[in-house]
Amino acid sequence: MPPEQPGDPGSPDARPPAPSRPAATPSAPAAPRPHRRLDARSLRGLAHPLRMRIFELLNLDGPATATLLAERLGENTGTVSWHLRHLAEHGFIEEETGRGTKRERWWRRVPVPNRLDTADFRDDPESHGPLSVYLQGVVRRLFDRVDEYISEDWPDEWRNVGSISDWSHLRLDPARLKSLNEELAAVVERYAPDPDAAPDPEALPVVVQLQSFPRRPHEAVGAGAAAGPTAAGPTALGPAGAEDGPRDGQEETR
């Protein structure tokens, strides 16, 4: 794994210059898209480690059968089939009609972004268990994606443009944190491909993960410690070795 590059207070990220290739031109901002807000029932339908993994594979890699998924996951085909039906009953996936047979069905993700608002479950004690399973699964999934990326061998043209960055010096109130998240999401959305456009032969699927949250400050240790966070820039890995799939694969948890 490459060494960390210290952040530069005068720049939003720290990395060496990218190769001299024409920069991609972002598309115009997309209109707001409909989404599905998870309720207690749908949360229980998804909040299982294996179901979440199955859903992720269908989201990232497209339609698959129970046999194909079982091979990738190292699970029994019957077990995977049961979880696929469970996901379908709760509206997360659907059968791809016109493909496969009665004995071997193809499944795909329903192309609607999912959104989970943790505040919706604050007064529902029975949902706290499934909510914890879901959130822990999301965190592990995000970590596993990064771990897989940095363990893979990528050519320099990709290794020089991937980024793993960390900004920990911000001090924001709730309204400004919300605004920051909305602005970052809008920037990412501008780069989403036009579903009617021909695929770029040089393009690969790219994962952008966003985690932003408040941190409870701890009392500084040592008489000479500075009070509060410093104004240093981000910790970043530029050429680092590196809601979910296509544009409709966005997942949001807050």
Side-chain angles (χ1 to χ4, degrees), residues 1-8 11-24 26 46 49-64 68-75 108-109 111 113-114 116 133-168 180-181 183-193 199-213 233-254:
M1 180 174 176
E4 286 192 352
Q5 300 174 359
D8 176 1
S11 64
D13 198 356
R15 63 170 68 120
S20 55
R21 297 179 54 186
L46 183 60
L50 182 54
R51 283 199 290 275
M52 293 180 68
R53 183 67 176 130
I54 291 171
F55 183 65
E56 179 185 38
L57 291 180
L58 292 176
N59 179 48
L60 293 178
D61 299 326
L68 293 173
L69 292 168
E71 291 176 355
R72 289 197 60 183
L73 296 167
E75 296 284 346
R108 64 187 178 193
R109 178 212 162 105
N114 295 305
L116 182 140
V133 170
Y134 177 81
L135 294 176
Q136 292 295 329
V138 168
V139 171
R140 284 193 296 270
R141 180 181 67 177
L142 298 181
F143 170 81
D144 287 344
R145 288 177 179 177
V146 177
D147 187 53
E148 180 179 359
Y149 164 65
I150 63 176
S151 66
E152 293 174 336
D153 185 22
W154 286 89
D156 288 345
E157 64 178 347
W158 283 104
R159 192 173 291 273
N160 288 341
V161 294
S163 176
I164 303 173
S165 303
D166 171 32
W167 286 262
S168 57
L180 171 65
N181 288 330
E183 290 182 29
L184 292 174
V187 169
V188 174
E189 194 64 26
R190 290 205 304 270
Y191 284 83
D200 181 348
E202 296 188 10
L204 290 177
V206 170
V207 173
V208 177
Q209 300 183 168
L210 172 61
Q211 298 94 42
S212 63
F213 44 84
T235 298
L237 298 180
E243 156 105 79
D244 290 74
R247 181 173 180 179
D248 287 327
Q250 175 192 353
E251 301 298 324
E252 182 179 356
T253 301
R254 55 183 180 178

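Keep in mind that what you see is a predicted model, and the values were worked out from it rather than measured. In this chain, residues are counted from 1 in sequence order.
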When rounded to the nearest 0.5 angstrom, what is the spacing between [atom1] in [X] and [atom2] in [Y]?
{"X": "Leu135", "Y": "Arg140", "atom1": "CG", "atom2": "CZ", "answer": "10.5 Å"}
{"X": "Leu50", "Y": "Glu75", "atom1": "CG", "atom2": "CD", "answer": "5.0 Å"}
{"X": "Leu68", "Y": "Leu73", "atom1": "CG", "atom2": "CG", "answer": "11.0 Å"}

Quick one: does Asp147's side chain have a donor or acceptor within less than 3.5 Å of a partner on Phe143's backbone?
no
Please examine the side chains of [Y] and [X], heavy atoms only from C-beta on, and report whether any two atoms are closer than 4.5 Å.
{"X": "Val188", "Y": "Leu210", "answer": "no"}
{"X": "Val138", "Y": "Leu116", "answer": "no"}
{"X": "Leu58", "Y": "Leu69", "answer": "yes"}
{"X": "Asp61", "Y": "Arg72", "answer": "yes"}
{"X": "Trp154", "Y": "Leu204", "answer": "yes"}

Mind checking what makes side-chain hydrogen bond (donor to acceptor under 3.5 Å, both in side chains) contact with Asp144, not counting sequence neighbours?
none
Sidechain N-carboxylate O distance under 4.0 Å for Arg145, Glu148:
no
Smallest separation among heavy atoms of [X] and [Y], with atom names:
{"X": "Phe55", "Y": "Arg109", "answer": "CZ-NH1, 3.3 Å"}
{"X": "Met52", "Y": "Leu46", "answer": "CG-O, 3.1 Å"}
{"X": "Gln209", "Y": "Val146", "answer": "NE2-CG2, 3.7 Å"}
{"X": "Glu152", "Y": "Arg159", "answer": "O-NH2, 3.2 Å"}
{"X": "Pro49", "Y": "Val133", "answer": "CD-CG1, 4.3 Å"}

Residues in salt bridge (charged side-chain N to carboxylate O under 4.0 Å, His left out) with Arg51, at least two apart?
none
